[in-house]
Amino acid sequence: MPRITPRTLKGFRDYLPQAMLPREALIATARDVYRSYGFSPIDTPALEYLEILSGNGSDETDKQLYHFTDNGGREVGMRFDLTVPLARFAAQHAQELGLPFKRYHIATVWRGENTQRGRYREFMQCDFDTIGTESAASDIETALVIHDLLQKIGFERFTIRVNHRGVLNGLLENLGLADQALPLLRALDKLAKIGPEKVAAEMERTAGATSQQTAQVLELAALTGSRDEVLAALRPMVAGSETGEAGAERLSEVLGGIRAAGVPEERVELDVSIARGLDYYTGMIYETFLGDLPGIGSVASGGRYDNLTEAFTSQRLPGIGASLGLDRLLAAMEELEMLPNARTPAEVFVPLFNKEMLGPLLKITTDLRAAGLRVELYGDAKKLGKQLQYANRRGHRIAMIVGPDELAADDCQLKNLADGSSKKVALADAAREITLLLEGGDD
RNA sequence: GUGGCUGUAGCUCAGUUGGUUAGAGCGCCGGAUUGUGAUUCCGGAGGUCGGGGGUUCGAGACCCCUCAGCCACCCCA
C-alpha cells in the first residue's frame with residue numbers, strides 16, 4: 001500500500017506534550033492576569049471577508065495574507081493579527097459593548113511570510129486592549145499588565161521600555177521632517193540593532209534628510225539616564241510643537257502613574273529611540289526586554305492608536321493595547337531553563353501490581369482525584385521497575401505504591417521520584433500527604 | 001518575496017581527493033533469582049544518507065530541481 005509521507009507545512013508546527021504543557025501554562029497565566037484587571041474574553045472567526053482584512057493593513061500585510069475563494073464564491077482571508085478583527089468587532093458591536101471596552105483575545109493567526117527562528121506562519125497572539133478611552137489611566141494600566149504578566153511568569157530581570165510617538169513626531173515637526181515620519185521612524189527603530197551611523201545613512205537615503213537633521217534626531221534618541229532626566233532633556237527639543245509637548249506631558253503622567261503603582265524603578269525605562277514599526281501607533285509605545293536574554297527581542301509590546309475603527313465606522317474609537325510574544329517567551333524560558341521537563345500533567349503515578357489490585361486502585365485513585373490531585377494509574381501489571389521507569393521518564397513527581405501488602409495494612413508508600421526518598425502513610429492520609437510533598441519540593 | 005548556509009539512525013554528530021557490507025555517543029527495547037526508577041554490566045533493534053532527476057564503471061560525497069530548517073534583508077509576535 002502506498003503511504004503518504006507524514007509532514008507539516010513550512011512554518012506550521014506540531015506541539016508535543018512537552019511543548020504543549022508549558023504553552024498552556026503560559027496562556028493560563030496571561031488569561032489570569034488579564035482577567036485580574038477586568039479584561040473580558042472575546043473570540044472572532046479565523047476567516048473574515050477579504051476586504052475586512054486587506055483594506056486595513058499595509059501592502060506588506062496584504063502580501064502575507066492567506067486568502068482564497070470559498071465554495072460560495074466569497075473572497076475570504078485568514079486573520080493575520082487580532083487587532084483588525086477587534087476593529088471590525090468593535091465597529092459591529094459598539095452598541096452592545098458599551099465603552100470603554102476592555103477585552104483580551106488569545107488566538108491563532110496566520111501570515112504567509114518567510115520563516116525564521118521564532119517566526120512561524122501559524123502562531124498565537126495574546127492580546128489585550130482597552131478601547132473607547134484616551135485616559136492616562138489606560139496607558140498606565142497597559143504597562144502594569146505587562147509588568148504583572150512577566151512577574152507571574154517568573155521573570156525577575158526585565159525592562160519595559162516606553163516612549164510616546166508624539167515626542168518623535170514633535171521633533172520631526174520642529175525639524176521640518178514631519179512628512180517623512182514613517183521612513184525616519186522605521187530607521188530609528190533599528191538604532192539599538194545597527195548603530196547610529198547606519199541609521200543616519202538609512203534616514204538620508206530613504207527619507208532625504210540632511211545629515212544635520214539626522215544628527216538632531218539621533219541626539220534625541222541618544223538621551224539616556226533616569227526617566228526624569230531624559231524627560232527634562234527632551235522637553236526643550238519638542239518645545240513649540242503641539243504634539244511634541246502633549247507627548248512629553250503624557251509620558252510624564254504615565255511614568256508617574258507607574259511609579260505610584262509601586263513598580264520598581266529599574267523595570268521601566270524611557271527609551272526615546274523605540275518607534276515600533278507599525279504605522280498606526282499614535283501615542284504611547286511599549287516594548288519589553290528580558291535582562292537575561294535581550295537578544296531575543298521584545299517579548300511583549302504594544303501601544304496606543306487613535307482610530308482603530310476608522311475603516312469601518314465614522315465613530316471615533318481610540319484604543320491602547322499590547323500583545324504577549326508567546327513563542328519568544330517560550331523560547332526564552334527554554335533557554336533560561338525555566339521550563340519543567342514533564343510530559344504529563346499528572347503529578348501522581350500509581351503502579352498496578354496485578355489484576356486483582358485494579359479494583360481497589362481504581363477506588364483509591366478516584367478518591368485522590370476528588371481531593372484535587374491529578375493521578376495516572378498504570379494499566380498493565382508489568383514489573384514494578386518498568387512502571388517506575390515509565391513514571392520517571394514521564395515526569396510524574398510522586399509514585400504512590402499500593403501493593404497487596406500495603407492494601408492489607410491499609411497504608412501506602414509515597415515515593416518522591418526526584419530524590420528517591422519514600423515514606424509510609426495511612427491510605428486515609430494519602431491525599432493530604434501528597435499535597436504536602438508537592439508543595440515542599442517545588443522545582 | 002530576495003540573498004547566503006545547512007539537511008547522514010529518535011537526538012547530537014563523524015564519514016578521508018566520489019570506490020566495495022555507512023559509524024560513534026546519547027536515547028530506545030530486552031536481560032542481570034519473579035515488589036522499587038533516574039547510576040552500573042550484558043545483549044538487541046533502528047538509516048530508501050530530506051525527496052526527485054543527472055554526471056560516472058561507481059555518489060552520503062559532484063551538478064540541477066524540489067521540500068524543510070537556520071541566518072540576513074524586509075517586516076514584526
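This is a predicted model, so every value here is computed, not measured. Quick note on labels: first sequence line is chain A, next is B, and so on, each numbered from 1. Atoms considered below: every heavy atom in the structure, side chains included; atoms not considered: hydrogens, waters and symmetry mates.
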- So what does the secondary structure string of RNA chain B come out as, 5' to 3', with Watson-Crick or wobble pairs under 3.5 angstrom, [ ] for crossing and | for pairs with another strand? (((((((..((((.....[...)))).(((((.......))))).....(((((..]....))))))))))))....
- Note on the structure: Side-chain atoms of Asn114(A) come closest, of rA77(B), rU2(B), rC75(B), to rU2(B)
- Of the candidate nucleotides rC75(B), rC71(B), rG69(B), which contains the atom at the shortest distance from the side chain of Gln116(A)? rC71(B)
- Sort out for me which residue in Thr83(A), Asp81(A), Asp127(A) forms a side chain to side chain donor-acceptor pair (under 3.5 Å) with Ser323(A). Asp127(A)
- Check Arg23(A), Gln125(A), Arg117(A) against Asp327(A) for a side chain to side chain donor-acceptor pair (under 3.5 Å) and give me the one that passes. Arg23(A)
Interatomic distance at [atom1], [N] relative to [M], whole Å:
{"N": "rU17(B)", "M": "rG25(B)", "atom1": "C1'", "result": "29 Å"}
{"N": "rA22(B)", "M": "rG47(B)", "atom1": "P", "result": "12 Å"}
{"N": "rA45(B)", "M": "rU36(B)", "atom1": "P", "result": "29 Å"}
{"N": "rA68(B)", "M": "rC76(B)", "atom1": "P", "result": "25 Å"}
{"N": "rC62(B)", "M": "rC29(B)", "atom1": "P", "result": "37 Å"}
{"N": "rG3(B)", "M": "rA38(B)", "atom1": "C1'", "result": "48 Å"}
{"N": "rC49(B)", "M": "rG60(B)", "atom1": "C1'", "result": "5 Å"}
{"N": "rG52(B)", "M": "rC67(B)", "atom1": "P", "result": "15 Å"}

- Message: Between rC75(B) and Arg186(A), counting only base atoms on the nucleotide and side-chain atoms on the residue, is there a donor-acceptor pair under 3.5 Å?
- Response: no
- Kindly indicate whether the side chain of Glu287(A) and the base of rA77(B) share any N or O donor-acceptor pair separated by less than 3.5 Å? no
- Task: Verify whether one side chain among Arg304(A) and Ser138(A) offers a donor that lies under 3.5 Å from an acceptor in the other.
- Result: yes
Given atom [atom1] of [X] and atom [atom2] of [N], what is their separation to the nearest angstrom?
{"X": "Leu9(A)", "N": "rA68(B)", "atom1": "CG", "atom2": "C1'", "answer": "11 Å"}
{"X": "Glu113(A)", "N": "rC71(B)", "atom1": "CD", "atom2": "P", "answer": "13 Å"}
{"X": "Phe12(A)", "N": "rA68(B)", "atom1": "CZ", "atom2": "P", "answer": "11 Å"}

- Can you check whether Thr115(A) has a side-chain N or O nearer than 4.0 Å to OP1 or OP2 of rA68(B)? no
With a 3.5 Å distance limit and no angle check, can you tell me whether [X] reaches the backbone of [Y] through a side-chain donor-acceptor pair?
{"X": "Asp411(A)", "Y": "Lys424(A)", "result": "no"}
{"X": "Thr288(A)", "Y": "Ala300(A)", "result": "yes"}
{"X": "Gln213(A)", "Y": "Leu175(A)", "result": "yes"}

- Hey, which of these two, Gly11(A) or Gly118(A), hits RNA chain B nearer its 5' end, going by closest nucleotide? Gly11(A)
- Message: What I want to find out is whether Arg250(A) reaches Asp139(A) closely enough, with some N-O distance under 4.0 Å, to be called a salt bridge.
- Response: yes
- Item | Base versus backbone protein contacts along nucleotides 27-37 of chain B [heavy-atom cut-off under 4.0 Å; B, S, -] | -SSSSS--BBB
